[in-house]
Amino acid sequence: MSKEIRVRMAPAPTGRFHIGTARTTLYNWLFARHHGGTFILRIEDTDQSRSSQENVRQIMDAIRWLGLDWDEGPEVDGPHAPYFQSQRLQLYRDAVDRLLAQGDAYPCYCAPVELEERRREMQRQGIPPRYDRRCRDLSQPDRERLEAEGRPRAIRFAVPDEGTTSWDDLVRGRVEFQDSELDDFVVMKSDGFPSYILACAVDDTEMAITHVLRGEDLISGTPRQIHVFRALGLPLPRFGHLPMILAPDRSKLSKRHGATGIDEYRARGFVPDAMVNFIALLGWSSGDDREILSRGEMIEAFSIEGIGKSGAVFDAEKLEWMNGVYLRQMSAEEYVARARPFLESALGSVAETFEDDYVARVVLLEQERAKTLAELPELTEFFFRDPEEYEDKGERRWFRQEGAGEVLAAVREALQALDRFDDAAIESAVRAAAEKLDTKAGPVIHTTRLATTGRTKGPGLFELLAVLGKERVLQRLERAEQYIRDLG
RNA sequence: GGCCCCAUCGUCCAGUGGUUAGGAUACCGGUCUUUCAAGCCGGAGACGGGGAUUCGAGUUCCCCUGGGGCUACCA
């Protein structure tokens with residue numbers, strides 16, 4: 001019964017691609033995929049001074065990194081190309097001309113500074129700051145005079161004085177605004193570029209968008225847009241306004257709250273699947289208790305009914321947990337491939353000095369411990385460099401113990417004798433050494449760990465030693481023995 | 001200030017008139033164990049307030065309170 005579903009994400013390239021934008025993108029994508037519809041990416045670069053190519057690139061990078069592919073849009077094109085509003089100016093001009101011809105819009109010659117001044121004055125008097133419509137009923141001679149003066153002009157939409165504009169919001173139900181609350185909004189700026197309200201309405205129609213899913217911050221623009229659609233005789237899409245993503249203090253998430261850009265999370269070692277899963281659950285629920293959902297499961301379960309109405313605080317701790325889950329369930333190949341860049345940027349080119357296989361075995365040892373890829377360099381540093389010092393706590397507990405040096409010597413001798421240096425062989429050698437020393441295995445293991453890694457925690461000792469390799473292990477043990485002798 | 005939206009554990013979600021109000025995270029305890037994690041088991045932790053409707057309200061309605069968004073020639 002329903003025609004093909006077409007949705008779009010229409011970011012303005014005026015800043016980084018942040019969490020909130022990512023979620024809107026994701027919901028649109030899920031909605032399209034769930035219904036076998038089309039997901040379109042459109043760049044709303046109508047703000048000439050703040051848009052940049054660099055931001056466009058970053059936005060597309062981020063969306064691709066998240067794995068949300070668009071069916072129509074920049075670089076993939078489609079039947080409604082171009083997908084940059086800055087390249088569709090004629091369309092908006094035509095629309096504005098029609099509005100003008102119909103008397104639904106009029107030129108406004110007020111300068112921004114004047115507007116600003118009047119706005120302040122209204123605020124001072126405690127009345128709602130709104131455009132006073134002084135250019136709405138300009139006489140023809142006045143217009144010609146202003147025009148002759150070469151005054152810049154914007155085009156404003158003439159909103160009716162009374163009436164109500166309402167729609168059935170997909171997530172909120174009926175929303176209603178009094179037209180008397182609306183002022184005569186700008187539909188085309190003096191630089192000849194359309195305003196968001198107009199461009200968006202025109203494009204949504206031209207691109208045959210059926211559902212507009214966007215942030216709640218745009219809800220008050222909706223009645224204005226509806227006026228534009230109606231004046232132009234265009235069919236209305238369905239609107240759905242998504243709740244905001246909030247900072248821990250429940251205000252709108254912004255830079256001052258720390259990382260908000262998707263690229264920042266990427267740099268911090270989060271993986272796309274975890275990001276997507278986590279963000280999906282910020283304001284949407286499959287209806288059951290599942291927390292970890294694959295993309296397929298999300299697509300399958302996604303519905304607008306499952307979207308909540310209230311704002312959701314972004315809980316970075318839960319994201320970390322979820323990222324850990326994804327890291328742990330990731331295939332060894334993918335995990336290693338994703339981990340490697342983080343090691344190299346932090347530790348220099350480990351690839352030059354260490355075999356690929358060694359690096360892979362190292363990071364694999366930490367797969368179940370890491371919450372983010374970014375903590376890998378710190379976690380695995382001792383695999384690439386000899387420990388320069390020993391943790392204080394460990395030193396007091398193990399190295400200053402009577403006979404610590406003998407313990408290490410015994411372990412070293414036992415390991416020295418090994419031909420095969422693998423987990424099992426190491427384990428039995430170490431345990432045998434402990435037995436010979438007539439002590440429990442625990443203290444021997446801890447002392448050995450400290451001697452070979454400088455730390456009190458980390459991967460299982462036997463696996464760790466096996467990866468480190470016999471030569472390095474023996475060397476480090478010897479050094480530690482010397483260190484202990486020097487302690488006196 | 002005006003308009004619009006929202007309101008269940010600290011946080012994210014279930015719960016669509018009858019539930020010991022459920023799960024996840026974070027926190028605490030236990031267990032496993034060579035450490036740290038992970039896992040497993042357990043604990044603590046919420047319906048903002050007041051009316052109304054009803055035999056019965058977290059669930060419906062109204063008011064209050066609280067929070068948020070918008071209030072640009074930005075989107």
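Lettering follows sequence order; numbering is per chain, from 1.
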Indicate, with a heavy-atom threshold strictly under 4.0 Å, whether [X] touches base, sugar-phosphate, or nothing.
X        : value
A:Arg455 : nothing
A:Thr14  : nothing
A:Glu176 : sugar-phosphate
A:Cys110 : base
A:Ala154 : base

(request) Output yes when A:Arg172 and A:Glu216 qualify as a salt bridge under the 4.0 Å nitrogen-oxygen rule, no when they do not. (result)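 Answer for the salt bridge query: yes.
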
(request) Give the minimum heavy-atom separation between A:Arg134 and A:Cys110, together with the two atoms involved. (result)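 Shortest heavy-atom contact: CG-SG, 3.8 Å.
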
For the pair made of [atom1] in [X] and [atom2] in [N], what is the distance, rounded to whole Å?
X        : N     : atom1 : atom2 : result
A:Leu293 : B:A14 : CG    : P     : 13 Å
A:Ile59  : B:A75 : CD1   : C1'   : 11 Å
A:Met298 : B:C13 : CE    : C1'   : 15 Å
A:Gln367 : B:A37 : CD    : C1'   : 13 Å

Could you check whether the side chain of [X] and the base of [N] have a donor-acceptor pair of N or O atoms closer than 3.5 Å, going by distance alone?
X        : N     : answer
A:Arg172 : B:C5  : no
A:Lys318 : B:A26 : no
A:Glu291 : B:G23 : yes

